[in-house]
Amino acid sequence: MININYIVVGTDCSGKTSLVDMLSDITEFNVVKGSSFQHSKCTQDELFNKFLEFTKLDDTIYDRFTYCNEVYAPMYDDFAMLSDEQRRFIEKEMKDKATIIYLYADDEVLEERFNSRGDDYVSLDKIKYAKGKYEEALHNVEHLEVVKFDTGKMTTKEIVEQILLNY
């Protein structure tokens, strides 16, 4: 049997939580919160070891992953940040067992969502900045497939159907 893992990434307000919840309900996969906000209040080595443990899991949906650490940690003084070498090592450990699902939306859509929900950790300016940083980070992915979905143009249900059909 092939083990499948999904790494769901994107800025705040991009639709990650809705997608993770629906995908988990259908697949019955475990969900792991890989958010830098939740895991980055430690040392760099501790963070690296946490992500290494994540690579041993199968049939898992990761709600954020190392790419989120790469994007958000530089914005905050108190967050540990993985080195490029550590990120690439973790990525190699996930080779052939995970697909990255990148969710994004136009700035106007993100702004509308942000204004309706707000956020304790990031501002709208940081979300827009992070969107560009995600594009950079995911452009450098070498060992995993990256699939992009515009959540301003597709519903969560449509995206989940595409994921299950093709990945």
Side-chain angles (χ1 to χ4, degrees), residues 1-24 27-105 110 119-149 151 159-160 163 167:
M1 179 177 166
I2 297 174
N3 292 310
I4 300 169
N5 296 300
Y6 298 108
I7 298 170
V8 181
V9 298
T11 66
D12 290 78
C13 302
S14 65
K16 291 181 308 300
T17 300
S18 298
L19 183 115
V20 166
D21 290 347
M22 185 179 287
L23 190 58
S24 174
T27 62
E28 298 182 357
F29 284 10
N30 291 322
V31 175
V32 170
K33 297 286 186 181
S35 171
S36 62
F37 295 126
Q38 296 172 358
H39 294 293
S40 291
K41 291 195 179 242
C42 60
T43 69
Q44 182 183 31
D45 287 339
E46 289 170 336
L47 184 62
F48 178 65
N49 288 327
K50 284 180 188 182
F51 279 110
L52 276 182
E53 286 301 311
F54 291 162
T55 67
K56 297 175 185 172
L57 302 174
D58 292 318
D59 299 330
T60 301
I61 302 167
Y62 299 91
D63 184 354
R64 300 188 181 249
F65 205 64
T66 58
Y67 312 100
C68 301
N69 175 261
E70 183 175 357
V71 168
Y72 285 102
M75 294 185 212
Y76 300 93
D77 294 334
D78 57 345
F79 287 161
M81 184 168 172
L82 297 172
S83 69
D84 289 338
E85 295 79 21
Q86 288 172 320
R87 275 192 300 278
R88 298 303 161 234
F89 184 85
I90 291 164
E91 187 179 297
K92 285 180 188 175
E93 292 295 304
M94 294 297 282
K95 185 178 180 180
D96 299 324
K97 60 184 278 189
T99 299
I100 299 171
I101 307 298
Y102 172 53
L103 303 180
Y104 66 95
L110 294 174
D119 197 289
D120 293 337
Y121 291 105
V122 297
S123 65
L124 186 56
D125 289 339
K126 286 186 178 178
I127 290 174
K128 290 177 181 179
Y129 174 79
K131 190 170 127 182
K133 294 309 240 175
Y134 269 113
E135 290 292 332
E136 289 175 27
L138 296 175
H139 180 74
N140 294 322
V141 171
E142 296 177 4
H143 302 286
L144 300 173
E145 182 174 11
V146 178
V147 183
K148 300 177 180 183
F149 293 100
T151 62
I159 295 169
V160 167
I163 291 168
Y167 310 100

K.L.:
For a quick test of reading the model, state the closest non-hydrogen atom pair linking Ala80 to Cys42 and the distance between them.
P.N.:
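Nearest heavy atoms, Ala80 then Cys42: CB-O, 3.1 Å.
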K.L.:
Measure across Val9 and Cys68 and return the closest heavy-atom pair with its distance rounded to 0.1 Å.
P.N.:
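Smallest interatomic distance, heavy atoms only, reads CG1-SG, 3.8 Å.
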K.L.:
Roughly how far apart are Lys33 NZ and Thr17 OG1, rounded to 0.5 Å?
P.N.:
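Here the rounded value is 5.0 Å.
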K.L.:
With sequence neighbours excluded, tell me which residues meet side chain to side chain donor-acceptor pair (under 3.5 Å) with Lys131.
P.N.:
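Expected list: Asp107.
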K.L.:
Measure the CG-CG distance between Asn69 and Leu82 for me, rounded to the nearest 0.5 Å.
P.N.:
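Spacing of CG (Asn69) from CG (Leu82) equals 4.5 Å.
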K.L.:
Got a salt bridge between Lys50 and Glu53, using NZ or NE/NH1/NH2 to carboxylate O under 4.0 Å?
P.N.:
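Answer for the salt bridge query: no.
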K.L.:
Could you tell me the separation between the CZ atom of Phe29 and the OH atom of Tyr6, rounded to the nearest 0.5 Å?
P.N.:
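That separation rounds to 5.5 Å.
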K.L.:
Report the residues that fulfil side-chain contact (heavy atoms from CB on, under 4.5 Å) with Asn49, sequence neighbours left out, ordered by chain and then residue number.
P.N.:
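By the side-chain contact (heavy atoms from CB on, under 4.5 Å) rule, Asn49 matches Leu52.
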K.L.:
So, using ring pair (Phe, Tyr, Trp, His ring centres under 6.0 Å) as the criterion, who are the partners of Tyr67 when residues are at least two apart?
P.N.:
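Here no residue qualifies.
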K.L.:
Under the salt bridge (Lys or Arg N to Asp or Glu O under 4.0 Å) test, which residues partner Lys128, sequence neighbours left out?
P.N.:
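Per chain and number, Lys128 pairs via salt bridge (Lys or Arg N to Asp or Glu O under 4.0 Å) with Glu111.
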K.L.:
Do the non-hydrogen side-chain atoms of Leu103 and Val8 ever get within less than 4.5 Å of each other?
P.N.:
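They are in contact (side-chain heavy atoms under 4.5 Å apart), so the answer is yes.
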K.L.:
Report yes if some heavy atom in the side chain of Leu110 is under 4.5 Å from a heavy atom in the side chain of Tyr104; otherwise report no.
P.N.:
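No, too far: nothing below the 4.5 Å cut-off.
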K.L.:
Write down the atom of Ile127, the atom of Cys13, and the distance for their closest heavy-atom approach.
P.N.:
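Reported closest heavy-atom pair: CD1-SG, 4.1 Å.
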K.L.:
List the residues meeting side chain to side chain donor-acceptor pair (under 3.5 Å) with Thr11, not counting sequence neighbours, and say none if there are none.
P.N.:
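Partners of Thr11 by the side chain to side chain donor-acceptor pair (under 3.5 Å) criterion come out as none, since no residue qualifies.
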K.L.:
For a quick test of reading the model, state the closest non-hydrogen atom pair linking Ala105 to Thr151 and the distance between them.
P.N.:
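Heavy-atom minimum between the residues: CB-OG1, 3.7 Å.
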K.L.:
What I'd like to find out is whether the side chain of Ile4 reaches to under 4.5 Å of the side chain of Thr99, using heavy atoms alone.
P.N.:
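Sidechains of Thr99 and Ile4: no contact.
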K.L.:
For the CD atom of Gln86 and the CE atom of Met81, what is their distance to the nearest 0.5 Å?
P.N.:
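Result: 10.5 Å between the selected atoms.
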K.L.:
For side chain to side chain contact (heavy atoms under 4.5 Å, CB included), just list the numbers for Leu23 and Ile101, CA-CA rounded to whole Å, side-chain angles, deciding distance to a tenth of an Å, and then say yes or no.
P.N.:
CA-CA 12 Å; Leu23 190 58; Ile101 307 298; 5.7 Å; no
K.L.:
Does Glu145 have any side chain to side chain donor-acceptor pair (under 3.5 Å) partners at least two apart in sequence or in another chain, and if so, which?
P.N.:
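By the side chain to side chain donor-acceptor pair (under 3.5 Å) rule, Glu145 matches no residue at all.
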K.L.:
Taking only residues two or more places apart in sequence or in another chain, which ones pass salt bridge (Lys or Arg N to Asp or Glu O under 4.0 Å) with Glu85?
P.N.:
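Salt bridge (Lys or Arg N to Asp or Glu O under 4.0 Å) check on Glu85 returns nothing, list empty.
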K.L.:
Distance-only check: which donor-acceptor pairs under 3.5 Å involve side-chain atoms of residues 133-142, not counting sequence neighbours?
P.N.:
{"unit_1": "Lys133", "atom_1": "NZ", "unit_2": "Glu136", "atom_2": "OE1", "d": "3.3"}
{"unit_1": "Tyr134", "atom_1": "OH", "unit_2": "Gly10", "atom_2": "O", "d": "3.4"}
{"unit_1": "Glu135", "atom_1": "OE1", "unit_2": "Lys148", "atom_2": "NZ", "d": "3.2"}
{"unit_1": "Glu135", "atom_1": "OE2", "unit_2": "Tyr102", "atom_2": "OH", "d": "3.4"}
{"unit_1": "Asn140", "atom_1": "ND2", "unit_2": "Glu136", "atom_2": "O", "d": "3.2"}

K.L.:
For the residue pair Leu57 and Tyr62, establish whether any side-chain heavy-atom pair is separated by less than 4.5 Å.
P.N.:
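They are in side-chain contact.
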K.L.:
Going by the angle between their ring planes, with limits at 30° and 60°, are Tyr167 and Phe149 parallel, tilted or perpendicular?
P.N.:
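If you compare the ring of Tyr167 with that of Phe149, the planes turn out perpendicular.
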K.L.:
Aromatic rings Phe65 and Phe51: how do their planes relate, parallel, tilted or perpendicular, breaks at 30° and 60°?
P.N.:
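Phe65 and Phe51: perpendicular rings.
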K.L.:
Is any side-chain heavy atom of Asp59 closer than 4.5 Å to one of Asn30?
P.N.:
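Answer no - side chains too far apart.
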K.L.:
Does this structure show an ion pair linking Lys16 with Asp63, if we count only N-O contacts that are shorter than 4.0 Å?
P.N.:
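Salt bridge flag = no for Asp63 with Lys16.
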K.L.:
Is it the case that the side chain of Ser14 and the backbone of Asp12 share a donor-acceptor pair, with hydrogens and angles ignored and the cut-off at 3.5 Å?
P.N.:
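Such a contact is absent between Ser14 side chain and Asp12 backbone.
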K.L.:
Measuring from atom CG of Asn5 to atom CD1 of Ile100, what distance do you get when rounded to the nearest 0.5 angstrom?
P.N.:
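Separation between the atoms: 11.5 Å.
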K.L.:
How far apart are the closest heavy atoms of Leu144 and Asp96, and which atoms are they?
P.N.:
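Heavy atoms of Leu144 and Asp96 come nearest at CD2-N, 4.5 Å.
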K.L.:
Can you name the side-chain contact (heavy atoms from CB on, under 4.5 Å) partners of Ser18, sequence neighbours left out?
P.N.:
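Per chain and number, Ser18 pairs via side-chain contact (heavy atoms from CB on, under 4.5 Å) with Thr156.
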K.L.:
Under the side chain to side chain contact (heavy atoms under 4.5 Å, CB included) criterion, do Lys97 and Asp58 qualify, and how do the steps go?
P.N.:
CA-CA 8 Å; Lys97 60 184 278 189; Asp58 292 318; 3.3 Å; yes
K.L.:
Who passes side chain to side chain donor-acceptor pair (under 3.5 Å) against Glu28, sequence neighbours left out?
P.N.:
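Glu28 satisfies side chain to side chain donor-acceptor pair (under 3.5 Å) with no other residue.
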K.L.:
What are the two closest non-hydrogen atoms of Gln44 and Ser83, and how far apart are they?
P.N.:
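Between these two residues, the closest heavy atoms are NE2-N, 3.2 Å.
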K.L.:
Not counting sequence neighbours, which residues clear salt bridge (Lys or Arg N to Asp or Glu O under 4.0 Å) with Asp84? List them please.
P.N.:
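Applying salt bridge (Lys or Arg N to Asp or Glu O under 4.0 Å) to Asp84 gives Arg87.
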K.L.:
With rounding to the nearest 0.5 angstrom, report the NE2 to CZ distance, His143 to Arg88.
P.N.:
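Answer for the NE2-CZ pair, His143 versus Arg88, is 8.0 Å.
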